[in-house]
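Residue numbering restarts at 1 for every chain, and letters A, B, ... go by the order of the sequence lines. Quantities reported herein were computed from a predicted structural model and do not represent experimental measurements.
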Protein chains: 4
Amino acid sequence: MIEFRIDRRSGVATYLQIGQQVKDALRLGLLNVGDRLPTAKEVVAATAVNPNTVLRAYQELGREGLVESRPGAGTFVCRSLAAPAMAENMPLRSGLDAWMAEARSAGLSREDVEALVKLALDKGFGNRRGSDTQ
Amino acid sequence: MIEFRIDRRSGVATYLQIGQQVKDALRLGLLNVGDRLPTAKEVVAATAVNPNTVLRAYQELGREGLVESRPGAGTFVCRSLAAPAMAENMPLRSGLDAWMAEARSAGLSREDVEALVKLALDKGFGNRRGSDTQ
Amino acid sequence: MIEFRIDRRSGVATYLQIGQQVKDALRLGLLNVGDRLPTAKEVVAATAVNPNTVLRAYQELGREGLVESRPGAGTFVCRSLAAPAMAENMPLRSGLDAWMAEARSAGLSREDVEALVKLALDKGFGNRRGSDTQ
Amino acid sequence: MIEFRIDRRSGVATYLQIGQQVKDALRLGLLNVGDRLPTAKEVVAATAVNPNTVLRAYQELGREGLVESRPGAGTFVCRSLAAPAMAENMPLRSGLDAWMAEARSAGLSREDVEALVKLALDKGFGNRRGSDTQ
DNA sequence: GTGGTCTAGACCACA
DNA sequence: GTGGTCTAGACCACA
């Protein structure tokens with residue numbers, strides 16, 4: 001079962017953080033079609049956010065067709081975001097892990113790496129509207 | 001001269017976006033001690049934010065000792081965040097660029113890469129979120 | 001036998017959707033006096049709603065005098081809503097079909113047509129909304 | 001300035017009704033890029049809904065890229081939905097009005113027409129998930 | 001003043 | 001019990 005980690009200092013709305021974490025899990029194959037998301041109650045117990053905030057996140061995911069809420073039963077994944085290349089990407093993934101280890105042993109901080117990644121993402125994939133990798 | 005890109009949809013406060021972009025530029029060596037930040041007026045012309053918002057971002061950077069306001073002259077960088085390893089990191093940086101190119105040609109989207117990077121960052125540097133330091 | 005199609009995303013209560021679809025079928029002459037509605041069990045098999053939800057819809061139709069429940073036998077239509085003009089409306093109906101075809105070939109989407117129809121309905125029959133009869 | 005009409009008996013959530021009415025107005029060319037939507041306060045004065053409900057509707061439109069909220073200034077249309085065919089569709093539109101008049105003088109009720117239109121829409125444009133023209 | 005987010009609580013639909 | 005909607009009120013960001 002996915003567990004949400006809320007960063008209250010990031011300035012990003014809680015419901016957006018939850019929605020983003022679900023989408024990331026879908027892309028990474030950590031959540032798959034048919035999986036149940038934790039109930040609002042369960043999330044509340046684990047993260048101390050208000051149940052309405054969880055429901056709002058789930059409703060937006062529902063509107064995007066990613067999950068479906070069945071009152072009385074729960075909220076279920078109904079569409080995956082896992083790209084084919086993400087499934088068989090062991091070399092790519094381990095290449096990234098290796099790079100991270102290298103960066104760390106070179107003395108870079110997490111913030112340094114995040115800055116480098118933003119720059120490389122913009123070079124490799126074009127600018128997004130803003131520049132927050134968050 | 002650094003140019004700010006504001007994403008009004010991200011939900012992140014504008015002044016935080018500006019501050020973050022300055023810090024990223026300091027880490028990447030795109031801004032260095034002595035460099036002048038754009039005036040509030042210049043930022044307003046480029047991004048349509050309110051001058052007070054720019055000033056607030058600069059004040060917070062000032063409080064962290066990163067920039068200094070010289071009335072009549074402008075706001076200047078007075079401390080760098082460039083780690084030693086970031087200066088001589090050509091191989092690391094180009095390694096990241098190469099990885100991005102590989103990811104892209106494997107068919108991954110920007111969002112896919114962002115999800116992979118978050119996971120790898122957490123593995124390599126420990127979780128940032130979940131601290132709930134509120 | 002009428003088949004119900006439930007849109008879980010519409011935000012309209014399931015029992016209201018079922019009731020509306022029965023009434024529409026009565027108006028269109030697709031259901032007539034004496035016809036049997038599907039049993040709750042049959043509806044459940046076809047649409048995955050709860051049998052109680054079907055029963056609630058049928059009970060409301062019963063309260064309006066449109067259907068009658070005969071224990072052991074099923075639920076039967078006992079009053080039609082087919083206006084006289086709906087019976088002999090071949091020209092009207094085909095006129096509407098022709099208009100739809102024209103709209104479609106003009107490049108209009110279903111949503112475009114729905115917007116036009118709402119406007120034309122309000123012009124031709126007066127506003128339904130705005131009564132706020134709460 | 002667009003005026004919202006809320007039907008509290010329809011079973012459709014208020015924020016969905018507001019969002020749908022904005023989209024319809026965009027399709028019909030009644031709202032255009034740059035137009036300002038009424039503030040939450042203005043809508044409250046006109047329709048007695050809670051300001052949060054209005055904001056929620058606007059936020060969803062914002063997420064779909066149709067409007068942009070500028071705190072302190074208001075909420076503005078930033079993308080139209082007017083199909084080219086909707087602009088120069090005088091004959092189509094008047095054809096629909098004529099059909100409505102015909103239907104009315106044949107004795108059809110608004111509900112009869114709505115049932116006919118749903119059927120014709122499904123024939124002309126394919127079934128939607130559910131069947132509520134609403 | 002205008003918009004954005006969150007909370008607490010109420011009420012309903014559905015299982 | 002689970003999810004969906006709405007309200008009232010609080011607090012903050014931005015103009």
**Item:** B/Arg63 side chain reached by B/Glu60 side chain, heavy atoms, under 4.5 Å
**Value:** yes
**Prompt:** Within this structure, what is the CG-to-P distance between B/Asp7 and F/dA13, rounded to whole angstrom?
**Reply:** 18 Å
**Prompt:** Do C/Arg8 and C/Val49 come close enough that some side-chain heavy atom pair is under 4.5 Å?
**Reply:** yes
**Prompt:** Under 4.5 Å between any side-chain heavy atoms of C/Leu30 and C/Ile2, yes or no?
**Reply:** no
**Message:** Treating C/Arg79 as the side-chain partner and C/Glu64 as the backbone partner, does any N or O pair qualify as donor plus acceptor under 3.5 Å?
**Reply:** yes
**Asked** What about D/Asn52: does its side chain form a donor-acceptor pair under 3.5 Å with the base of F/dG9?
**Response** yes
**Asked** Is the backbone of C/Ile18 close enough, under 3.5 Å, to the side chain of C/Gln21 for a donor and an acceptor to pair up by distance?
**Response** no
**Asked** Does the side chain of A/Phe76 come within less than 4.5 Å of A/Arg70's, by heavy atoms?
**Response** yes
**Asked** F/dT7 phosphate, OP1 or OP2: any side-chain N/O from D/Thr53 under 4.0 angstrom?
**Response** yes
**Candidate nucleotides E/dT5, F/dC6, F/dT2, ranked by approach to the side chain of A/Leu16 - the nearest** = E/dT5
**Prompt:** A/Arg70 CZ to F/dG4 C1': how many Å, rounded?
**Reply:** 16 Å
**C/Arg110 (side chain) donor-acceptor with D/Gly126 (main chain) under 3.5 angstrom** = yes
**Message:** Can you measure C/Ile18 atom CD1 to E/dA13 atom C1' for me and round it to whole angstrom units?
**Reply:** 12 Å
**Prompt:** To the nearest angstrom, how far is A/Leu37 atom CG from F/dG3 atom C1'?
**Reply:** 12 Å
**Request:** For DNA chain F, determine which residues of residues 71-81 of chain A have any heavy atom closer than 4.0 angstrom to one of its atoms, and list them numerically.
**Result:** A/Pro71, A/Gly72, A/Gly74, A/Thr75
**Request:** Starting from C1' on E/dC14, measure out to CZ on C/Arg8 and report it in whole angstrom.
**Result:** 9 Å
**Item:** Distance below 4.0 Å between D/Tyr15 side-chain N/O and F/dT5 OP1 or OP2
**Value:** yes
**Item:** Phosphate-side-chain proximity, A/Thr14 and E/dC6, N/O vs OP1/OP2 below 4.0 Å
**Value:** yes
**Prompt:** Would you call C/Lys23 and D/Glu111 a side-chain contact if the rule is heavy atoms closer than 4.5 Å?
**Reply:** no
**Message:** Please determine whether a side-chain nitrogen or oxygen atom of D/Asn50 lies at a distance below 4.0 Å from atom OP1 or OP2 of F/dA8.
**Reply:** yes
**Asked** Of the nucleotides F/dT7, E/dT7, E/dT5, which one has an atom closest to the side chain of A/Ala13?
**Response** E/dT5
**Request:** Using a 4.5 Å cut-off on heavy atoms from C-beta on, say whether the side chain of C/Val22 contacts that of C/Phe4.
**Result:** yes
**Request:** Kindly indicate whether the side chain of B/Arg5, heavy atoms from C-beta on, has any atom under 4.5 Å from the side chain of A/Asp122.
**Result:** yes
**Item:** Side chain D/Asp112, main chain D/Ser109, donor-acceptor under 3.5 Å
**Value:** yes
**Message:** Please give me every residue in residues 54-66 of chain D whose heavy atoms get under 4.0 Å of an atom in DNA chain E, ordered by residue number.
**Reply:** D/Leu55, D/Gln59
**Request:** Report yes if some heavy atom in the side chain of D/Val117 is under 4.5 Å from a heavy atom in the side chain of C/Lys118; otherwise report no.
**Result:** no
**Message:** Stem finding on DNA chain F, please: runs of three or more consecutive Watson-Crick or G-U wobble pairs, both distances under 3.5 Å, sorted by first number.
**Reply:** E:1-14 with F:1-14
